[in-house]
Student: 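Take a look at this one; I'll ask things after.
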Amino acid sequence: MAKIKMKNPIVEMDGDEMTRVIWKDIKKELLEPYIDLNLDYYDLSIENRNNTYDEVTIDSAKAVARHHIGVKCATITANEDRVKEFNLNKIYPSPNATIRAYLDGVMFREPIIFDCLNILIPTWKEPIAIARHSFGDIYVSKALNVKKGDELTVSINGEDKYSYKPDYDAIFLTQYNKVKSIEDFAHVSFKYAISKNMNLIFSTKDTVVLGYDSVFKEIFNETYKEYKDEFEKRGLNYHYYLIDNAIAQIMKSKGNILWALKNYDGDVMSDMISAVYGSLSLMESSIIGNGTYLYEAAHGTVTDHYRRYQKGEIPSTNSVALIFTWASGIEKRGQLDGNKELEDFGVKLKKSVRDTIESGFITGDLISSYNKSEYVKVNYLEFIEKVKEFLDKLI
Ligand code: NAD
């Protein structure tokens, strides 16, 4: 069988520990036999980030901006312990934060759901995905201490706009966002909802944070006008809700909702959504900017499994989100290049993962939520082999 050709490259960001091991096996077993891979490779292992003084991270983000599509393996975020373990020059920032800041995109988190796996809220039959604006607000804030009797003045070009003179010791916070970034956030969210046929909810606290959250609201409502026809054609809804009301609506829903949130709200709610859908290994993550698509798994490098792997065990690590990472990158490359064969391969790869789990071949983390009577617990290599068997049947 002739291999599928790829005209333009996908940026590959390799990672650390257990996910690096699995990443390599996914490539070897599930991609290389079928596709003439065209990859722009960056090694984001902690050793190579250290050796390149973290230049490799920014180079990889630039490559995504150039080629439009990237797939990222999980990477270690350095801390004091990791500095000792790897004899690092310093504590480098999280690669995800560096890449996110460069691409200035929206972070999406979407659960991969299966009928055979129970979730905490059984009425959420369909996915609830999060679109988190990944720029600004409290993440660029500056805090100030203001002492009793101090006078703090906010001015623009020397013109005083606001003055604060407390008769108590106080703390003060400034934060900002960029109008263009909010506009991009809105466009990317509407486009994602359309591409996934999902309803869209956007929520803030505009009744309290007047002149700030209300700007987000106005931008979303205004941007919707451009997508209204397409939404109506597909029978989809868009709603703006105050965040407290949005939570009530979402709790009562059946799912199939993309919930767009400001930076902090998105940070908090993505973990809540992950917890409801169960395993982190069944959660896709992507950063989508103006024409750039970076896919990854939501989980980390699974250090505890790696320690056992180093001692010779083949752990039962769940590779679903990592396989989906590759599949989404390949599917999107196919779409952007008008390469139907490549796009279909990405779809088939996801389907073969579903077939494997629905047929009862599961990794250890899924046993407690599996609702069919019979299953076989497999290690990560056996799981990939099973996916390959199902993939071969589809191709
Ligand atoms: P983790 O996601 O690797 O693991 C958390 C827990 O979930 C562990 O008990 C682990 O066994 C389990 N788990 C996670 N993914 C699993 C999978 N695919 N199959 C089975 N079990 C799975 O997070 P952590 O332990 O907090 O962090 C480990 C390393 O990963 C750290 O160095 C951290 O900096 C890094 N990290 C990276 C990313 C990223 O690159 N996006 C995200 C989070 C953490």
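Just follow the structure's listing: the first ligand is 1, and inside any ligand the first atom is 1.
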Student: Starting from atom 8 (C) of ligand 1, find the nearest protein heavy-atom neighbour and note its residue, name and distance.
Tutor: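 Of the protein heavy atoms, D304 OD2, 3.6 Å lies nearest.
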Student: Is it the side chain (CB and beyond), the backbone, both or neither of E17 that lies under 4.0 Å from ligand 1, heavy atoms counted?
Tutor: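 Neither; no heavy atom under 4.0 Å.
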Student: May I ask you to check whether over 12 heavy atoms, not counting those of Y375, lie within 6.0 Å of atom OH?
Tutor: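 Atom OH in Y375 is not packed in, count stays at 12 or less.
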Student: Under 3.5 Å between some N or O of ligand 1 and some N or O of T317?
Tutor: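 No; every N/O pair is 3.5 Å or more apart.
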Student: Considering only non-hydrogen protein atoms, determine which one is nearest to atom 18 (N) of ligand 1 and report residue, atom name and distance to 0.1 Å.
Tutor: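 Among all protein heavy atoms, the one nearest atom 18 (N) of ligand 1 is N318 O, 2.8 Å.
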Student: Protein non-hydrogen atoms only, distance under 4.0 Å: does atom 1 (P) of ligand 1 have such a neighbour?
Tutor: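 Yes, because at least one protein heavy atom sits under 4.0 Å from atom 1 (P) of ligand 1.
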Student: Kindly indicate whether atom 24 (P) of ligand 1 is approached by any protein heavy atom to under 4.0 angstrom.
Tutor: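 Under 4.0 Å from atom 24 (P) of ligand 1, zero protein heavy atoms found.
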Student: Can an N or O of I76 be found at a distance shorter than 3.5 Å from an N or O of ligand 1?
Tutor: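 Not met; the criterion fails.
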Student: Can you tell which part of T363 has a heavy atom less than 4.0 Å from ligand 1: side chain, backbone, both or neither?
Tutor: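 Neither; nothing of T363 gets under 4.0 Å from ligand 1.
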Student: According to salt bridge (Lys or Arg N to Asp or Glu O under 4.0 Å), does anything in residues 236-250 pair up with another residue at least two apart or in another chain? List the pairs.
Tutor: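 For residues 236-250: K205-D244.
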Student: Counting from 1, what ligand 1 atoms have a heavy atom of E296 closer than 4.0 Å?
Tutor: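 This gives 41 (N) as the contact atoms.
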Student: Going by the atom numbers of ligand 1, which of them fall below 4.0 Å from some non-hydrogen atom of K72?
Tutor: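 It comes down to these atoms of ligand 1: 40 (O).
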Student: Working note: Y306 + T19, criterion side-chain hydrogen bond (donor to acceptor under 3.5 Å, both in side chains); need CA distance, chi angles, decisive distance, verdict.
Tutor: CA-CA 8 Å; Y306 186 59; T19 43; over 6 Å; no
Student: Can we call the ring centroids of F361 and F383 under 6.0 Å apart?
Tutor: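 No, the ring centres sit 6.0 Å or more apart.
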Student: With side chain to side chain contact (heavy atoms under 4.5 Å, CB included) as the test, would you mind laying out the steps for L39 and K27 before giving the verdict?
Tutor: CA-CA 11 Å; L39 302 168; K27 255 174 87 175; 3.9 Å; yes
Student: Please indicate, with yes or no, if any protein heavy atom is found under 4.0 Å from atom 32 (O) of ligand 1?
Tutor: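 Under 4.0 Å from atom 32 (O) of ligand 1, at least one protein heavy atom found.
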Student: Considering non-hydrogen atoms of the protein only, which is the closest contact for atom 12 (C) of ligand 1, and what is the distance?
Tutor: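 Going atom by atom, the protein heavy atom closest to atom 12 (C) of ligand 1 ends up being V302 CG1, 4.5 Å.
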Student: Among protein heavy atoms, which lies nearest atom 14 (C) of ligand 1, and at what distance?
Tutor: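 I find the closest protein heavy atom is H299 CB, 3.9 Å.
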Student: Please check if the number of heavy atoms outside Y41 that lie under 6.0 Å from its OH is greater than 12.
Tutor: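 Above 12, so yes.
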Student: Short list, please: which atoms of ligand 1 are under 4.0 Å from a heavy atom of T303?
Tutor: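 Atoms satisfying the 4.0 Å criterion: 28 (C), 29 (C).
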Student: Nearest protein heavy atom to atom 7 (O) of ligand 1, by residue and atom, and its distance?
Tutor: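 It is L280 CD1, 5.0 Å.
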Student: For atom 4 (O) of ligand 1, is the nearest protein heavy atom under 4.0 Å away?
Tutor: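 No, no protein heavy atom sits under 4.0 Å from atom 4 (O) of ligand 1.
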Student: Should R82 be listed as contacting ligand 1, given a heavy-atom distance under 4.0 Å as the test?
Tutor: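 Under 4.0 Å: yes for R82.
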Student: Ring centroids only, cut at 6.0 angstrom: are F231 and Y238 within range, meaning strictly under it?
Tutor: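 Centroid separation for F231 and Y238: 6.0 Å or greater.
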Student: Please output the side-chain donor-acceptor pairs of residues 154-168 that fall under 3.5 Å, not counting sequence neighbours, one pair per line with the distance.
Tutor:
residue	atom	partner	partner atom	Å
S163	OG	E151	OE2	3.0

Student: Determine if the distance from atom 43 (C) of ligand 1 to the closest protein heavy atom is below 4.0 Å.
Tutor: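 Yes; the ligand atom in question has protein heavy-atom contact below 4.0 Å.
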Student: Could you find the nearest protein heavy atom to atom 29 (C) of ligand 1 and give me its residue, atom name and distance?
Tutor: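 Looking only at protein heavy atoms, the one closest to atom 29 (C) of ligand 1 is T301 OG1, 3.0 Å.
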Student: Tell me, with the steps shown, if K5 and D337 meet salt bridge (Lys or Arg N to Asp or Glu O under 4.0 Å).
Tutor: CA-CA 11 Å; K5 298 268 176 254; D337 294 355; over 6 Å; no
Student: Less than 4.0 Å between atom 27 (O) of ligand 1 and some protein heavy atom, yes or no?
Tutor: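 When distances to the protein are checked, atom 27 (O) of ligand 1 has no heavy atom within 4.0 Å.
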Student: Can you tell me how far the CG atom of L261 sits from the CZ atom of F185, to the nearest 0.5 Å?
Tutor: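 Atom-to-atom, L261:CG and F185:CZ are 7.0 Å apart.
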Student: Go through ligand 1 atom by atom and flag the ones less than 4.0 Å from a non-hydrogen atom of A74.
Tutor: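 In order of number, 40 (O).
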Student: Got a second to check how far E29's CD is from I384's CD1, nearest 0.5 Å?
Tutor: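 Here the rounded value is 7.5 Å.
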Student: Please state which option from V320, D16, T75, T77 has its nearest heavy atom closest to atom 37 (C) of ligand 1.
Tutor: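 The option holding the nearest heavy atom is T75.
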Student: Are Y102 and Y92 co-members of a hydrophobic cluster defined by side-chain heavy atoms under 4.5 Å apart?
Tutor: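 Y92 does not cluster with Y102.
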Student: Can you list the atoms of ligand 1 that are under 4.0 Å from a heavy atom of S281?
Tutor: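 Close to S281: 17 (C), 18 (N).
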Student: So between P315, G300, G364, whose heavy atom ends up nearest atom 38 (C) of ligand 1?
Tutor: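 When every heavy atom of P315, G300, G364 is considered, G300 comes closest to atom 38 (C) of ligand 1.
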Student: Among K3, K348, E341, K388, which residue satisfies the side chain to side chain donor-acceptor pair (under 3.5 Å) criterion with Y34?
Tutor: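 That would be K388.
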Student: Can you confirm whether K372 is buried at NZ, in the sense that more than 12 heavy atoms of other residues, nucleotides or ligands lie under 6.0 Å from that atom?
Tutor: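 Yes.
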Student: Any nitrogen or oxygen of S316, side chain or backbone, less than 3.5 Å from one on ligand 1?
Tutor: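 No, since none of the N or O atoms of S316 sits under 3.5 Å from an N or O of ligand 1.
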